[in-house]
Amino acid sequence: MTRQIKLGAFLPGGGQHVAAWRHPDARADGATSLDYHIDLARTAERGLFDAYFLADGLATNGAGREGGSAKIAGFEPLTLFAALATQTTHLGFIATNTTTYEEPFTVARKFASLDLISNGRAGWNVVTTATEEAAQNFNLDQQISHADRYDRAREHVEVVKKLWDSFEDDVFLRDKKSGAFYDPDRLHDANHVGRHFRVKGALNVSRSPQGHPVVVQAGQSEAGRDLAAETAEVIFTAHQKIETAQEFYRDIKARAAAKGRNRDHVLIMPGVAPFVGRTAAEAREKYEQLTDLIVEADGLALLAGLAGGTLDFKGLDLDGPLPPAPETEGMKSRQALMRQIADEHGFSIRQLYQWIATARGHLTLVGTPTEIVDTLQEWFENEAADGFNILPPWLPGGLDDFINLVTPELQRRGLFRTAYEGRTLRENLGLPYPVNRHTAARSAAQAAE
C-alpha cells in the first residue's frame, strides 16, 4: 500500500490559541461541555483523522499558565474519551497520562479499559509531568529532577506493557457446559521488581481487538529521545524548520533500529497549526484576528511557562529582547525551542508570545490549501514526518477549515485516505498487532522442540 500521511487532531475544547475562546465563533464554555466535545469528535471522524489527542496538566496554575484562561479547568482525558468512544466508530483517542505521579497498575488498568470500551482505539501519551505546581499536588515540595523523571518513566512503561500482557488472546474459554471460564495457563503475573516499582499483577482487564493501546511519547530532550526510541510507536514533536525536523526524524529512526525495532513502526508526527484561507489574504486575516485578541498577561504567562518557569518579566521592556533564562528542571526541550525561535527571528518578548500563542512552539502555517499542503508534502516526502498532529487555532472553525479546504487537496494528491483502513487505531496507523510476550515465548519454545 502506498505510504500516506497520518493525522492526529489536537482538540482542547477551549481552543488551541491562547485567545481562542475569545473568537466570536468559539464557545466560551467549550472546555467543559461534553456535547461540544462530542461534536468535535464526530467532525474529526468525518475528516478521517486517525486520532483525537488531548494533552493534560495536573495543576490549575500550570494549565492556566500554558494555555490561557480557557485551560484553567477541563475534563480528565480518559474519562472524556470513554464517553466520546461511544459516539464514534473509527476515530482513535490518545490521552495524556503521567508516569511521575501515577502507579503503573492504575495506568495500565485505565487505558486497557478505554481500549475495550472503544474496541481497540486507545492510545497512551506517556509524559513525565513538569512544573512545581503539579509536584505540590502530589505530596512533594518541588518537582523530581528531569533525569529521575525519565528513569522512572522508562521502568513505568516497561511495567505497564507487562501488565497489558497478563491475558493471552485465547485465555477465555467461557464454556458453560464444563464451567471453565478461562485457561489459567494463559493468565500471567507481571512479577516486576525494579528500582522504582514492585508490581506482582496480573492486571484485571483483558486485551482489546488491537492487542493493547498504542504507546505515544513527545519528549525531545536527549532522555526523551531515548525513551521514545525504546518505547513509543507514535512520537509527537515540535519543529519550526524542516532541517531540525529531519535531524529529529533520522535520529529517532536510527535509535529505534539500534534497539532492534522496525523503524517503520515508529511514526514521527510534528505539530502543525494551520490558518487556512481560500486566499493568502483571508488566511492572514484569520491569523491577525486571533493575534489581536491576546491578553498581554496571558501571553506573558504562556511564554514564562514554556520557557521553563524561570523567567520573570516584571520591569522588562516587552519590546526588548528575551532575557536569558536559568536552566529548568521542567520541559528542557521546549525552553530551548523558545530561545531558538526568539534568536532566529529577532523577536522581542511581545513578538515571541504573539508567535507562540497559536501552537506553543509547533509549526504555524498561514496560507491557502495549496500552500499548506505543499509544506506538509515536503516534510512527508523528505524524512521529516510520517504524519502531523494538527492543532486548529480555534474551534470549531479551524477544524472545519482544515477538513473542508486542506483535506481535499491532500486526497487529490494521493497523500491521505478517502476511507478508514480498519476499525482499530493500530490498523489505521499501519502499526502491527503486538503479539503477547507469553504467547510468543510458547511459540518459540514449541518451534525449538
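What you see is a predicted model, and the numbers here were worked out from it, not measured in a lab.
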Report the C-alpha distance between Arg339 and Asp343 in whole Å, list the side-chain angles of each, state the deciding distance to 0.1 Å, and finish with yes or no for side chain to side chain contact (heavy atoms under 4.5 Å, CB included).
CA-CA 6 Å; Arg339 171 59 58 188; Asp343 291 347; 3.1 Å; yes
What heavy-atom pair brings Val234 and Phe236 nearest, and what distance separates the two atoms?
CG1-CE2, 3.9 Å
Looking at side-chain heavy atoms only, is the closest gap between Glu168 and Arg442 below 4.5 Å?
yes
Among all residues two or more places apart in sequence or in another chain, which pass the salt bridge (charged side-chain N to carboxylate O under 4.0 Å, His left out) test with Arg423?
none
Residue pairs, two or more places apart or on separate chains, that pass salt bridge (Lys or Arg N to Asp or Glu O under 4.0 Å) and touch residues 396-412
Arg46-Asp400, Lys286-Asp401, Glu409-Arg412, Glu409-Arg413
According to ring pair (Phe, Tyr, Trp, His ring centres under 6.0 Å), does anything in residues 83-103 pair up with another residue at least two apart or in another chain? List the pairs.
Phe81-Phe93, His90-Tyr420, Tyr101-Phe138
So, Arg263 side chain and Ala257 main chain: donor-acceptor pair closer than 3.5 Å or not?
no
What I want to find out is whether Lys6 reaches Asp386 closely enough, with some N-O distance under 4.0 Å, to be called a salt bridge.
no
Arg149 vs Thr129, test: side-chain hydrogen bond (donor to acceptor under 3.5 Å, both in side chains). Steps then yes/no.
CA-CA 8 Å; Arg149 291 203 312 273; Thr129 305; over 6 Å; no
Kindly determine whether Leu365 and Glu371 satisfy side chain to side chain contact (heavy atoms under 4.5 Å, CB included), including the steps that lead there.
CA-CA 9 Å; Leu365 297 177; Glu371 291 169 333; over 6 Å; no
Can you name the nearest heavy-atom pair linking Ile372 to Pro274, along with the distance?
CD1-CB, 4.4 Å
Any side-chain heavy-atom pair from Pro396 and Arg27 closer than 4.5 angstrom?
no
Student check: side-chain heavy atoms of Glu133 and Leu58 closer than 4.5 Å:
no
Between Thr96 and Asp56, a side-chain donor and acceptor under 3.5 Å
no
Taking only residues two or more places apart in sequence, or in another chain, which ones meet Tyr249 in a ring pair (Phe, Tyr, Trp, His ring centres under 6.0 Å)?
none
Between Asn428 and Glu421 (side chain of the first, backbone of the second, donor and acceptor by atom type, cut-off under 3.5 Å), is there such a pair?
yes
Does any non-hydrogen side-chain atom of Leu48 lie less than 4.5 Å from one of Glu45?
no
Are Phe172 and Tyr182 close enough that their ring centres sit under 6.0 Å apart?
no
Taking the side chain as C-beta and beyond, is there a heavy-atom pair between Glu247 and Glu243 under 4.5 Å?
no
Do Arg154 and Asp226 meet the salt-bridge criterion of a basic N to acidic O distance under 4.0 Å?
yes
Distance from Phe49 atom CZ to Leu11 atom CG, nearest 0.5 Å?
7.5 Å
Rounded to the nearest 0.5 Å, the CG atom of Leu78 sits from the CD1 atom of Ile117 at a distance of 9.0 Å
Between Gln136 and Asp141, is there a donor-acceptor pair closer than 3.5 Å when you use the side chain of the first and the backbone of the second?
yes
Looking at Arg255 and Glu230, would you say the former's side chain and the latter's main chain have a donor-acceptor pair under 3.5 Å?
no
So does Arg261 get a backbone contact from the side chain of His265, meaning a donor-acceptor N/O pair under 3.5 Å?
no
Does the ring center of Phe197 lie less than 6.0 Å from the ring center of Phe105?
no
I'd like to know whether the aromatic ring centres of His438 and Trp164 sit less than 6.0 Å apart in this structure.
no
Determine, stepwise, if the pair Thr424 / Glu427 fulfils side-chain hydrogen bond (donor to acceptor under 3.5 Å, both in side chains).
CA-CA 5 Å; Thr424 71; Glu427 288 174 311; 3.2 Å; yes
Show, in sequence, the C-alpha distance, side-chain angles and deciding distance for Arg417 and Gln4, and conclude whether the side-chain hydrogen bond (donor to acceptor under 3.5 Å, both in side chains) test is met.
CA-CA 7 Å; Arg417 63 169 63 94; Gln4 291 186 319; 5.9 Å; no
Derivation of the side chain to side chain contact (heavy atoms under 4.5 Å, CB included) call for Ile252 and Val266:
CA-CA 8 Å; Ile252 292 292; Val266 182; 4.0 Å; yes
Just checking, any donor-acceptor pair under 3.5 angstrom between side chains of Trp124 and Glu233?
no
Using only heavy-atom distances, determine whether the side chains of Thr79 and Glu76 contain a donor-acceptor pair under 3.5 Å.
yes
Is the side chain of Gln142 donor-acceptor paired with the backbone N or O of Glu132 at a distance under 3.5 Å, no angle test?
no
Where at least one partner belongs to residues 109-124, residue pairs that pass salt bridge (Lys or Arg N to Asp or Glu O under 4.0 Å), sequence neighbours excluded
Glu102-Lys110
Asp189 side chain to Ala202 main-chain N or O, any donor-acceptor pair under 3.5 Å?
yes
Whether Thr88 side chain and Leu91 backbone form a donor-acceptor pair below 3.5 Å
no
Under 3.5 Å donor-acceptor, Arg152 side chain and Thr99 backbone
yes
Would you say Gln217 and Leu227 make side-chain contact, with heavy atoms under 4.5 Å?
yes
Mind listing the closest non-hydrogen atom pair of Pro209 and Gly120 along with its distance?
CD-N, 4.0 Å
What distance do Leu399 atom CG and Leu391 atom CG have between them, rounded to the nearest 0.5 Å?
11.5 Å
Distance in Å, Arg195 CZ paired with Glu155 CD, rounded so as to fall on 0.5 Å steps
8.5 Å
Atom pair CG/CZ of Asp170 and Arg186 - distance to nearest 0.5 Å
4.5 Å
Check the pair Glu222 / Tyr150 against side chain to side chain contact (heavy atoms under 4.5 Å, CB included), numbers first and verdict last.
CA-CA 10 Å; Glu222 182 64 23; Tyr150 274 93; over 6 Å; no
In terms of side-chain geometry, is the basic nitrogen of Lys253 or Asp264 positioned less than 4.0 Å from the acidic oxygen of its partner?
no
Would Gln246 and Glu383 count as having a side-chain donor-acceptor pair, cut-off 3.5 Å?
no
Suppose the criterion is ring pair (Phe, Tyr, Trp, His ring centres under 6.0 Å): which pairs have a residue in residues 357-396, not counting sequence neighbours?
His23-Trp394
Looking only at heavy atoms, what is the nearest atom pair of Ser208 and Leu116, with distance?
CA-CD2, 3.8 Å
Looking only at heavy atoms, which two atoms of Ile242 and Ala384 are closest? And how far apart?
CG1-CB, 3.9 Å
Would you confirm whether Ser166, through its side chain, and Leu203, through its main-chain N or O, come within 3.5 Å as a donor-acceptor pair?
yes
For a 4.5 angstrom cut-off between non-hydrogen side-chain atoms, does Leu84 reach Leu34?
yes
Just so I know, are the side chains of Met269 and Ile235 near enough to count as touching, which here means a heavy-atom distance under 4.5 Å?
no
Ignoring hydrogens, what is the shortest heavy-atom contact between Val435 and Arg207? Give both atom names and the distance.
C-NH2, 4.2 Å
